[in-house]
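Notes follow once the structure below has been shown.
Atoms within a ligand are numbered from 1 in the order they appear, just like the ligands themselves. All residue numbers in this chain count up from 1 along the given sequence.
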Amino acid sequence: MKIETYKVPSTIAGAVQLLHHGEATIVAGGTDLTPQTGAGVREFAATLINIQRIEEMRGIAVSNGRYRIGGLTTVTEILESELLAAEVPVLVEAADHFASPQIRNAATLAGNLCNASPAGDMVIPLLLLDAEAELASWSDGLVVTRAVALADFFTGPGKTVMRAGELLTAIEFTRPEAGFAAVFLKSGPRPALEISTVSMGVAGVMADGVLHAARVSIGAVAPTPLRATETEAVLEGNALDGALIERAAETVSREVSPIDDVRASAWYRRHLAGVYIRRALARLQGGNHGN
Ligand SMILES: Cc1cc2nc3c(=O)[nH]c(=O)nc-3n(C[C@H](O)[C@H](O)[C@H](O)COP(=O)(O)OP(=O)(O)OC[C@H]3O[C@@H](n4cnc5c(N)ncnc54)[C@H](O)[C@@H]3O)c2cc1C
């Protein structure tokens, strides 16, 4: 469809009122939307809403033990955040594997989540952190919000639980507990500008060689990014030795449901999931992680 109206709200209230009044396309950094509309795989609605001027949707802050990252925060801002580097470096590690500097300067966190690619990179560390998406809408003359756990947010490739009229305003998660350690790994045939063939996050708290609060998230191996809960159960509360790492590798290879596509075969993705969990757990074991 041809764009008939272009709106640039400067507040969340302004944006959700516009969304409430009819079908519209939201654009943030445009790094997914532009190639998709250009290639004809997606059409603009008659109204285009550019949300870039909504200052209240920017920034990284922590208060009362909760982190809040505005939806318009760019991948570069995450990469350069001293706060995140000190306390949640796994987010910085994922940002460091993301695209190129030019794309990172434009790409927003909300855009990465709302695009709902099974290979969205920023989703993987956020799943480890039990993050929640804040969704705002307009109802009875007011901005109303609801929080959705990221683990429940994605319903399929390009699909989420977001309803018509909703705007993803922020991501929130609890400040990680002392001793929390996390690793992010991503593969693709090229070192940069690569869509993940497999991406993985592994986290937990190591104490006396035992892994507690074990968490495993994985991308590009199923219709949505996911938490590998069977693998987490294998790891939870057990001594992280060679035998346990092998059991985790077998479990994660079984737990994923990849497809063959132009980037890799399902067999290769299953194999890589096993390789990555061995690597990630070895890093946690050796204390070789950012946290
Ligand atoms: C060359 C290139 C390399 C890339 N490399 C990577 C990579 O390494 N890893 C990776 O994960 N991705 C990569 N991407 C994909 C893309 O850059 C990211 O998904 C990015 O985070 C999207 O953010 P954006 O702000 O540009 O979103 P946009 O393109 O503006 O929007 C994406 C979608 O989200 C919707 N949307 C945006 N913001 C909101 C909001 N606040 N509320 C509701 N809906 C919203 C839009 O309507 C649209 O449907 C790459 C893209 C390109 C072109």
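Residue Gly120 places a heavy atom under 4.0 Å from ligand 1. Look at Arg42 and you'll find a heavy atom under 4.0 Å from some atom of ligand 1. Using 4.0 Å as the threshold, Met57 has a heavy atom nearer than that to some atom of ligand 1.
Counting heavy atoms only, Gly111 comes closest to atom 37 (C) of ligand 1 of the residues Ala220, Gly111, Pro225. Of the listed residues (Thr31, Val16, Ile103, Thr73), the one carrying the non-hydrogen atom nearest atom 26 (O) of ligand 1 is Thr31. When Ser199, Ala24, Cys114, Ala170 are checked for heavy-atom proximity to atom 43 (C) of ligand 1, Cys114 turns out nearest.
The backbone N or O of Val216 lies less than 3.5 Å from a partner atom in the side chain of Glu232, making a donor-acceptor pair. Without hydrogens or angle criteria, Glu134 side chain to Ala147 main chain gives no donor-acceptor distance under 3.5 Å. Using modelled atom types, no side-chain atom of Arg175 and backbone atom of Val62 make a donor-acceptor pair closer than 3.5 Å. Between the side chain of Arg68 and the backbone N or O of Ala61 there is no donor-acceptor pair closer than 3.5 Å. Judged by distance alone, with hydrogens and angles left aside, the side-chain atoms of Arg270 form a donor-acceptor pair with the main-chain N or O of Ser253 at under 3.5 Å.
Residues Leu235 and Val256 are members of one and the same hydrophobic cluster, defined by side-chain heavy-atom contacts under 4.5 angstrom among Ile, Leu, Val, Met, Phe, Trp and Tyr. Hydrophobic clustering keeps Val75 apart from Ile51 (ILVMFWY residues linked when any side-chain heavy atoms are closer than 4.5 Å, directly or through intermediates).
Each of the atoms 24 (P), 25 (O), 26 (O), 30 (O) of ligand 1 lies under 4.0 Å from some heavy atom of Gly29. For ligand 1, the atoms lying closer than 4.0 Å to a non-hydrogen atom of Thr108 are 21 (O), 23 (O), 24 (P), 25 (O). Close contacts of ligand 1 with Met162, meaning ligand atoms under 4.0 Å from a residue heavy atom, involve 43 (C). The ligand atoms of ligand 1 that sit less than 4.0 angstrom from a heavy atom of Leu33 are 29 (O).
Not a single salt bridge (charged side-chain N to carboxylate O under 4.0 Å, His left out) links Glu77 to another residue, sequence neighbours left out.
For ligand 1, the polar-atom distance check finds an N/O of Gly30 within less than 3.5 Å of one of the ligand's N/O atoms. Inclusion of Leu168 in the set of residues having an N or O under 3.5 Å from an N or O of ligand 1 is warranted. Taking distance alone, with nitrogen or oxygen atoms compared against 3.5 Å, Leu167 stays at or beyond that limit from ligand 1. The distance criterion of under 3.5 Å between nitrogen or oxygen atoms is met by Ala99 with respect to ligand 1. Any N or O atom pair closer than 3.5 Å counts here, and Ile26 shares at least one such pair with ligand 1.
Proximity of Asp121 to ligand 1, defined as any heavy-atom pair under 4.0 Å, is shared by backbone and side chain alike. Neither the backbone nor the side chain of Thr34 comes within contact range of ligand 1; no heavy atom lies under 4.0 Å. With a 4.0 Å heavy-atom cut-off, ligand 1 is reached by no atom of Gln102.
Classified by interplanar angle (parallel below 30°, tilted 30° to 60°, perpendicular above 60°), the ring pair His97/Phe184 is perpendicular.
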Enumerate donor-acceptor pairs with a distance under 3.5 Å from any side-chain N or O in residues 206-214 to protein atoms, sequence neighbours excluded.
none

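Contact annotation: the side chain of Thr25 never approaches that of Glu43 to less than 4.5 Å [non-hydrogen atoms, C-beta and beyond].
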